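Structure, as structure tokens:
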Amino acid sequence: MKSLRLLIPYLKVYRREITWGCIAALISTALYALAPWALKLAVDDLQTGISARQLAYYAGLFVGLAAVGGVFRYAMRMWLIGMSRKVEQDLRDRIFGHLQKQPASFYNQNRTGDLMSRMTNDLDNVRNVLGPGFMYPIETISTAVFSIAMMLWISPTLTLITLLLAPPVSYSVFKLGRVTHKLTTRIQEQYSRLSDQAQENLSGARVVRAYSQEERELAKFDQLNQEYVRRNLSMTRVQALFFPLMGFLFEIGAAIILLVGGLGIIRGSLSLGDFVAFVGYLGMLAWPMIAVGWVANLLQRGAASMVRIQNLLDTEPEIVSSSQPSSARASAGEIVFENVSVSHDGVREALQDVSFKVRPGETIAIVGRTGSGKSTLVGLLPRLIDPSKGRVLIDGVATNEWNLDELRKQVGMVPQDAFLFSSTVKENLTFGAPEASETEMLEAASISRIDKDVAQFADGYETMVGERGLTLSGGQKGRLTLARALVRDPSILILDDALSAVDTHTEEEILRGLREFMKGRTSILIAHRVSTVRDADCIYVLDQGRIVESGTHEELIALGGYYADLDHRQSLEQELEMES
Amino acid sequence: MSAKRKQVEEQDVLGKAYDSKLARRLWGYVGDQKKKLFASVGLLLLGATAELAGPWLSKIAIDRYIVDKDVSGLYKIVIIFVIVSALALALRWSQSYLTGEAGQIIMYRMRRDVFEKMQRLSIPYFDRNPVGKLMTRVTSDVQALYELFGSGMVAIFGDIFTLIGITAVMFAINWKLALLTLSVIPILLLVTFAFRKRVRDLYRKTRSQIANLNGYLQENIIGMRVVQLFGRERANHERFKSLSGDLKQTYLKTIFNYALFFPAVELVSALAVAIIIWGGGSMMLTGAVTVGTLVAFIQYVERFYRPVRDLAEKYNILQAAMAASERVFQVLDHPIEVPDTSALDYVEKTEVDAPLIEFRNVWFAYRGDEWVLKDVSFDIREGESVAVVGATGAGKTTIISLLQRFYDVQQGEILLHGRNIREIPLQELRAMLGLVLQDVFVFAGTIAENIRYGKADASDEEVRETSELVLANRFIEKLPGKYAEPVVERGATLSTGQRQLLAFARALLCRPKILVLDEATASIDTETEQTIQEAISRVLEGRTSIIIAHRLSTIQRCNRILVLHHGVLREQGTHEELLAQGGIYHRLYQLQFGLGEAA
Ligand SMILES: Nc1ncnc2c1ncn2[C@@H]1O[C@H](COP(=O)(O)OP(=O)(O)OP(=O)(O)O)[C@@H](O)[C@H]1O
Ligand SMILES: Nc1ncnc2c1ncn2[C@@H]1O[C@H](COP(=O)(O)OP(=O)(O)OP(=O)(O)O)[C@@H](O)[C@H]1O
Ligand SMILES: [Mg+2]
């Protein structure tokens, strides 16, 4: 429950709404609590004799109380429930902003489904604390105070006997709520298993089909589905009891009043009007008694959810911008790696003690086996990950001392996996530079040779690309991501295996265009082909996270190591081809 | 970013609250649960009757025993009162449970059927529908139907019955007073209808706004790395805030309506009580009604308004359920674009001299008449190894998709052993093909589970051997958990090449008859690539293979080469033949080996 205190800062913003809401709640319950009293007066007078005018007066009083009470109740809902929605939005926006600061490693540790549920289910639970959880206690307490006062006024004994009902009602609601909560948690767990499986299955629909695994997937799903229903059924059993039981307890209350009140009337210690008023107050107390138990559950659930949300908000982003204000200067593009080591999981090192220097405007290339750490290395520049040892400097300033926005503006990266957003070609192209002009966009499209493909689409640049760029060919996706980086006009350009999905002819054309573009910019090329990297100013060979060779094409050939072997293999292929 | 389009999609169906055709169909779905539903309606009616008895019994107690000072009579009636309440409890409870159970079972079936249908639906359907939308069908839409069966439908009967019951009892006690009391009903109906309509529109709006917000959120989470790389945080945050703010505005409007509705209903109910005081009181003065009647009426009025209020909410449930069922049935009814042939109709018949694979005048377009393949014809004989080359976007991957029958061709036919592939059961067809594609999809799970994907009963030994074959063991052995190492969503903690090796192992484990490699080694280093190629030719010796590659060196071992240009098969033949032709291939070749245009 303590975790609910964390909400206070959010509530402070709406101090006014909360104060007024509470006042309105008090007034409205007081007015509503007077209604059975009016009824009592009418019934009592009816028995002792009354004029038609007096009757009309009582009737009018009754309606009047409901009308004025209603106005305040309206105000209470608007203020209190309205406030809960506003706080919900504030929290939601804040979590989103926080998620945006989290580095890639965070997203590898947390499943998408989990994060989504944090922002939907958990947020909902917290909101329920703020709306109903705020409103009902106030309503409950004031209703209870007012009606019990009135009831005591009428008949202390009858009141005490009736109030005996309160503990069992509240307790059973609380108990039931607890069981419900436990069952709900179990249902939720199963639900997330079920939806995870469905999500994987639907995302991998092509693989499922290619391997004819439909039946097995179905069986897996069915098992989860059955368990889900089983858990739901045990919940149904408990829930089915709830409202009938509440109804029953109140009928018992009514029976007690009927008996004790009836005896009182017979003995003359109670009037019929008192009896009627009592039944009315019992009706008014019904809800508060249920609400106590119910609200207790809301609070419990909300507290648990708030803990989860707070845990998320407390996750300090591992990569934070330095407080350095951004200066609009363009970087020269000098890169220095000083004894850099990187570990993704804190155990194995993906890079070990890497040092090198790139002068502004130079082009370097990185080659190496699968999994040797090439992508990890270039990920250090835009700070997708930070080194565990050593420093990376750009223009003589360590990356962690750069303003993050500024740093990323310098770096134009074409990641290895071409992720596109499900929107138009144009929106994807200008993703990193929404203010780019039409000519700049077309220029980038032409360098990456995506322009001709787009020209063939019926909707041109307005063509929707489907989820993750599904409706494009592999090469089209790759070139679109290339163009997306070029539009940003970066001072450091990184191509992580960007041309692997492009045919040689197109690759040649692109490289020719890029050479012009790369003039005056520092560039890093990752590739597996000697033909792609041979012109670089310096080539680095990575093996198991270490730089094992470096130099120009000629130097490395002369060295006779991995690179020379690579070249040998590739030219051997070539010769084989020529001979055949 | 794609908010415009998503809104259009979400709007598609949210129709009437009651649609008789749809209702009949849903009713058909109830199947053997009908008995339970009927039984619970019966129980509900009994239960509601028992509940209605309460105020009536109070009336009798007041008029007959309290006013007459009959203490033992009072005891008797209170005991009856308690018994009736206990009866009502038992009836309500069993009814609630029965409907709940029926609803759960119906929901289970519906979810199973939707998921099963999604296993049958073909790839074009997945091209058009984002995963998030399909997920909604399996999860929340089915859930909405549960509300309908599990509580909505039966409870509506109960509410209507209660209303009729109260009216009837009131008329039986005193019809004049009953008429007077019920005179406020038109006002109540007016208030309820006005409220219902407004809330319905808001509900619709809320749903589509939530869908937009969550869709946007999900895409941002998945693509966060790209968002950060391109410095889009602020812009996207602004967009999120505006979506989130729109949703809040709609909620505030909904709150306004509820804040108005509840007090309004209270007021109408107070009006009814006032009428009873005034009218009933006047009648009492003339002796036309007893005081017990008055008290009973006041209690009935209170019970009258609850079902009315509930009905307004139930109406929303009904409407949501109808809309959801419409969407669910849309999935269930969706034609399967690539229909399977049942294995029973299939007689294995191999024409001796027919080629293994033949494309005969194939025309294909993903959309309308944007032809991606135009009149493509070629054949591949058993044991042959064929390469497909061509510029990006030429339609190479499309050929593979067609061979797998992810799509059906618009014109022409594809034959396997002389039989149209439409006549071959899909499972049989796809079991022959082993694919390693450009875009590798790995499942969340473990490394071993991923390798075993196509052959669940493969032994650990087999898994290890296959991994060694493609050198995947090199990296797997270094993982802390080795083969049991968990793989996260989409294999994000593996390098791209490692994911490709995994896909290789997965395909080879099945020892396919025809191996298809679509740019499978694009992200793999040359040394590994060559080792894998040797291993493959050893293991799959004499088997047919189709290889798509941009590097001509990768395809050096192929017997024959097909050159695709803008969807047209422009050249085919052996390497020498194509070189001699001096066409596209010749040009590609010169380019790649740096022989220059002039050579
Ligand atoms: N699912 C799809 N829906 C609509 N259009 C598609 C779809 N898949 C591919 N296309 C389009 O069909 C054309 C051919 O695509 P295909 O993937 O066959 O090319 P490819 O030759 O394999 O190219 P690459 O070498 O780049 O992989 C492209 O213009 C592409 O945009
Ligand atoms: N997020 C991560 N968590 C744990 N390990 C990781 C993560 N990302 C990469 N690795 C591991 O770090 C090593 C280096 O990966 P990296 O992606 O840098 O390789 P690469 O040289 O780019 O390979 P490729 O040529 O296949 O793209 C690999 O062994 C990989 O499994
Ligand atoms: Mg990589």
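Excluded from the calculations below are hydrogen atoms, water molecules and symmetry mates; all remaining heavy atoms, backbone and side chain alike, are included. Being a predicted model, the structure only gives us computed values, none of them experimental. Naming: A, B, ... by sequence-line order, numbering from 1 per chain.
Atom CG of residue B/L435 and atom OH of residue A/Y211 lie 7.0 Å apart, to the nearest 0.5 angstrom. Note that CZ of A/R348 is 5.0 Å distant from CG of B/L479, once rounded to the nearest 0.5 Å. Rounding to the nearest 0.5 Å gives a distance of 7.5 Å between CG of B/D127 and OG1 of A/T471.
The nearest pair of heavy atoms linking B/Q228 to A/K101 is NE2-C, 4.0 Å.
Both the backbone and the side chain of B/E527 come within contact range of chain A, each with at least one heavy atom under 4.5 Å from a heavy atom of that chain. Contact annotation for A/T506: only side-chain heavy atoms (C-beta onward) come within less than 4.5 Å of a heavy atom of chain B. Only the side chain of A/I252 comes within less than 4.5 Å of a heavy atom in chain B; its backbone stays farther off. Contacts of A/S372 with chain B are absent, with no heavy-atom separation under 4.5 Å from either backbone or side chain. Residue contact with chain B, scored on non-hydrogen atoms closer than 4.5 Å, involves the side chain of A/A42 exclusively. Contacts of A/D453 with chain B are made by side-chain atoms alone, with heavy-atom separations under 4.5 Å and no backbone atom involved. Proximity to chain B is limited to the side chain of A/D497, based on heavy atoms less than 4.5 angstrom apart. Contact annotation for A/Q102: only backbone heavy atoms (N, CA, C, O) come within less than 4.5 Å of a heavy atom of chain B. Interface remark: A/L194 contributes side-chain atoms only to the contact with chain B (heavy atom separation under 4.5 Å). For chain B, the nearby part of A/M119 is the side chain; its heavy atoms alone come within less than 4.5 Å. Looking at B/K248, the atoms closer than 4.5 Å to chain A (heavy atoms on both sides) all sit in the side chain, from C-beta outward. For B/D518, no part lies near chain A; criterion is any non-hydrogen pair under 4.5 Å. Proximity to chain B (any heavy atom under 4.5 Å) is restricted, for A/R468, to the side chain, taken from C-beta onward. A/Y74 touches chain B through backbone and side chain together, each having a heavy atom under 4.5 Å away. Of the two parts of A/L202, the backbone and the side chain both hold a non-hydrogen atom closer than 4.5 Å to a non-hydrogen atom of chain B. Contacts of A/T236 with chain B are made by both backbone and side-chain atoms, with heavy-atom separations under 4.5 Å.
Here the side chain of B/D525 pairs a donor or acceptor atom with the backbone of A/T370 at under 3.5 angstrom.
Relative to the ring axis of B/F406, A/R209 does not place its NZ or CZ within 45° and under 6.0 Å from the centre.
Here the side chains of B/Y65 and A/L258 are not in contact, with every heavy-atom distance at 4.5 Å or above. Side-chain contact between B/Q218 and A/L115 is absent, with no heavy atoms from C-beta onward closer than 4.5 Å. Using a 4.5 Å cut-off on side-chain heavy atoms (C-beta onward), B/M224 and A/L99 make contact.
Exactly one of A/N225, A/D222, A/N201 qualifies for a side chain to side chain contact (heavy atoms under 4.5 Å, CB included) with B/F115. That residue is A/N201. Each of A/E507, A/R479, A/Q476 was scored for a side chain to side chain donor-acceptor pair (under 3.5 Å) with B/T392, with one residue passing: A/R479.
Under 4.0 Å is where a charged nitrogen must lie from a carboxylate oxygen, and between B/R225 and A/D417 at least one such pair does. Remark: B/E233 engages A/R408 in a salt bridge, criterion side-chain N to carboxylate O under 4.0 Å.
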